[in-house]
Amino acid sequence: MKSYIRLTVLLLFSSILTQLHAQGIAGKVSDEDNLPIPGVNVTVPNSNVSSVTDFDGNFSIDIPAGTLLKFSMVGYETQSAPAASSMQIKLKTSNKALEEVVVIGYGTRKKGAVTGSVAQIKAEDILRTPAQSAIQGIQGKAAGINIVTNYEPGAKPSIVIRGLGTVLGKRNPLYVIDGLETDGLNNLNSNDIATIDVLKDAASLAIYGQKGSNGVIVISTKKGKGDMSVSYDAYYGQKSILTKVKMADSYRYAYYNNTALGNPTYFNFTQPVDTNWLEEITRTGEVTSNSVAVSGGSEKGNYYLGLGHYRERGILIGTDFKRSNLTSRNE
């Protein structure tokens, strides 16, 4: 009887130990704004036991309670904590410059380890110079990029990244906005842009193929984060001819032409009309821009809604340009 009791107690104790050893630890990893972080490595130091957070920042791992867990993610400070039920881990953003990440097609690398030629322009640099197009706004702010514009309302700037270009593809670069390929940025409101990355070397061909032979301009638009915020941006400006051409009056026009033709009577010196045609076909140009945006984010998702209107009256009469934008990004 005593042997039976001893055997029962031993089996019960073994079952309790087994349950403690196989205890499932679950939790969630988020950032300082309570937004979930997917892809965080959850590891037990000096062992092969590990897990990775899913799209919602959740993870589960079979270890005993109290085991030390290590949470690491590129761009965030590594954090350690003892395992417990329903863990809530918050990772802080790393301020180290070399921890910045650059997407290289099929993976990521630290910015300091990238050997290719990449230039990045951020939103504050783009908006520092009011312009019709974001490409005009980055003129002179990225080395190795030649931007030429004639400032005609609605005209596309000419941008040269890798020399004269190809025969069929000309010299226009490939534009990629949030993963979608397009032929330019004239229809995009500069206030909706977060960053512009310019891929200037041949390595861009490995990602985009022959279409990227003249370089690639990758645009990321803004997205919501944190508490709801409303922003408004507006400006007004005027454009005029920097140096006006001195026009001849009717008498001088007749005199110069008669002299050139060798016929002193070809044009009558007493013309009834004396018109300055430069003044007749030009005017003071005007530029008006208004943009408003509402953005925010939480653990469940983030949102960004932007509305913009741009209007430009060119110096040359008849050259007008209008653009209205509605941008929505929800994740």
| Linking I/L/V/M/F/W/Y whenever their side-chain heavy atoms sit closer than 4.5 Å, directly or via other members, would Tyr232 and Val294 fall into one cluster? | yes
Next on the checklist: Could you check whether Arg323 pairs with Glu312 (Lys NZ or Arg NE/NH1/NH2 to Asp/Glu carboxylate O, under 4.0 Å)?
Outcome noted: no
Value for CG (Leu307) from OG (Ser324), rounded to nearest 0.5 Å, stands at 7.5 Å
Q) Going only through I, L, V, M, F, W and Y residues with side-chain contacts under 4.5 Å, is there a path from Tyr310 to Leu188? A) no
Of all heavy-atom pairs linking Asn290 and Ala234, the shortest is OD1-CB, 3.4 Å
query = Does the side chain of Asp192 come under 3.5 Å of the side chain of Thr327 through a donor N or O and an acceptor N or O?
reply = yes
- Assess the side chains of Asn258 and Thr265: does a donor N or O sit below 3.5 Å from an acceptor N or O? no
Here the gap from Leu69 atom CG to Gln79 atom CD, rounded to the nearest 0.5 Å, amounts to 11.0 Å
For Thr319 and Arg283 the tightest heavy-atom approach is O-NH2, 3.8 Å
Kindly check if the number of other-residue, nucleotide or ligand heavy atoms within 6.0 Å of CE (Met228) is above 12? no
I want to check something: taking the side chain as every heavy atom from C-beta on, are Asp31 and Thr93 in contact at a cut-off of under 4.5 Å? no
>> Tell me whether the count of non-hydrogen atoms from other residues, nucleotides or ligands lying under 6.0 Å of CZ in Phe267 goes above 12.
In response: yes
Shortest non-hydrogen pair, Ile193 vs Lys222, comes out as O-CE, 3.3 Å
ask   = With a cut-off of 6.0 Å (strictly less than), are more than 12 heavy atoms of other residues, nucleotides or ligands near CG of Asn268?
value = yes
Checklist line | Salt bridge Lys92-Glu77, side-chain N to carboxylate O under 4.0 Å | finding: no
Show the numbers, then the answer: is there a side-chain hydrogen bond (donor to acceptor under 3.5 Å, both in side chains) between Asn330 and Tyr304? CA-CA 6 Å; Asn330 303 312; Tyr304 177 88; over 6 Å; no
Of all heavy-atom pairs linking Ser60 and Ser51, the shortest is O-OG, 3.2 Å
> Do Asp178 and Arg329 sit within salt-bridge range, that is, some charged N less than 4.0 Å from a carboxylate O?
Replying inline: yes
*Within 6.0 angstrom of Phe55 CZ, more than 12 heavy atoms from elsewhere*: no
Separation between CD1 (Ile281) and OG1 (Thr275), nearest 0.5 Å, reads 12.0 Å
When rounded to the nearest 0.5 Å, the distance separating NZ of Lys246 from CG of Asn276 is 11.5 Å
Residues passing the side-chain hydrogen bond (donor to acceptor under 3.5 Å, both in side chains) test with Tyr175, sequence neighbours excluded, are none
d(Asp227 CG, Ser298 OG) to nearest 0.5 Å is 10.0 Å
Could you tell me whether Asn46 atom CG has more than 12 heavy atoms of other residues or ligands within 6.0 Å of it? no
Cluster membership besides Tyr256, Ile/Leu/Val/Met/Phe/Trp/Tyr side chains within less than 4.5 angstrom, sorted by chain and number, is Tyr251, Tyr255, Phe269
* Indicate yes or no for a side-chain donor-acceptor contact from Thr53 to the backbone of Ile37 under 3.5 Å, with no hydrogens or angles considered. => yes
Rounding to 0.5 Å, atoms OG (Ser289) and CZ (Arg311) come to a distance of 12.5 Å
Practice task
Find out if a path of hydrophobic residues (ILVMFWY) with successive side-chain heavy-atom gaps under 4.5 Å connects Val287 to Tyr236.
Solution key: no
Assess the residue pair Phe59 and Phe71 against the criterion (ring pair (Phe, Tyr, Trp, His ring centres under 6.0 Å)); give the C-alpha distance rounded to whole Å, side-chain angles, the decisive distance to 0.1 Å, and a yes or no.
CA-CA 11 Å; Phe59 72 92; Phe71 301 86; 5.5 Å; yes
_Can you confirm whether Val44 sits close enough to Lys70 that some side-chain heavy atom of one is under 4.5 Å from a side-chain heavy atom of the other?_
no
Pro36 and Lys28 have their tightest heavy-atom pair at CB-CE, 4.1 Å
Any side-chain donor near an acceptor of the partner, Ser295 and Ser229, under 3.5 Å
yes
Classify the side-chain pair Asn191/Asn189 by whether it contains a donor and acceptor separated by less than 3.5 Å.
yes
Correct closest heavy-atom pair for Ile63 and Val49 would be CG2-CG1, 3.8 Å
Presence of salt bridge, Asp33 and Lys225, under 4.0 angstrom:
yes
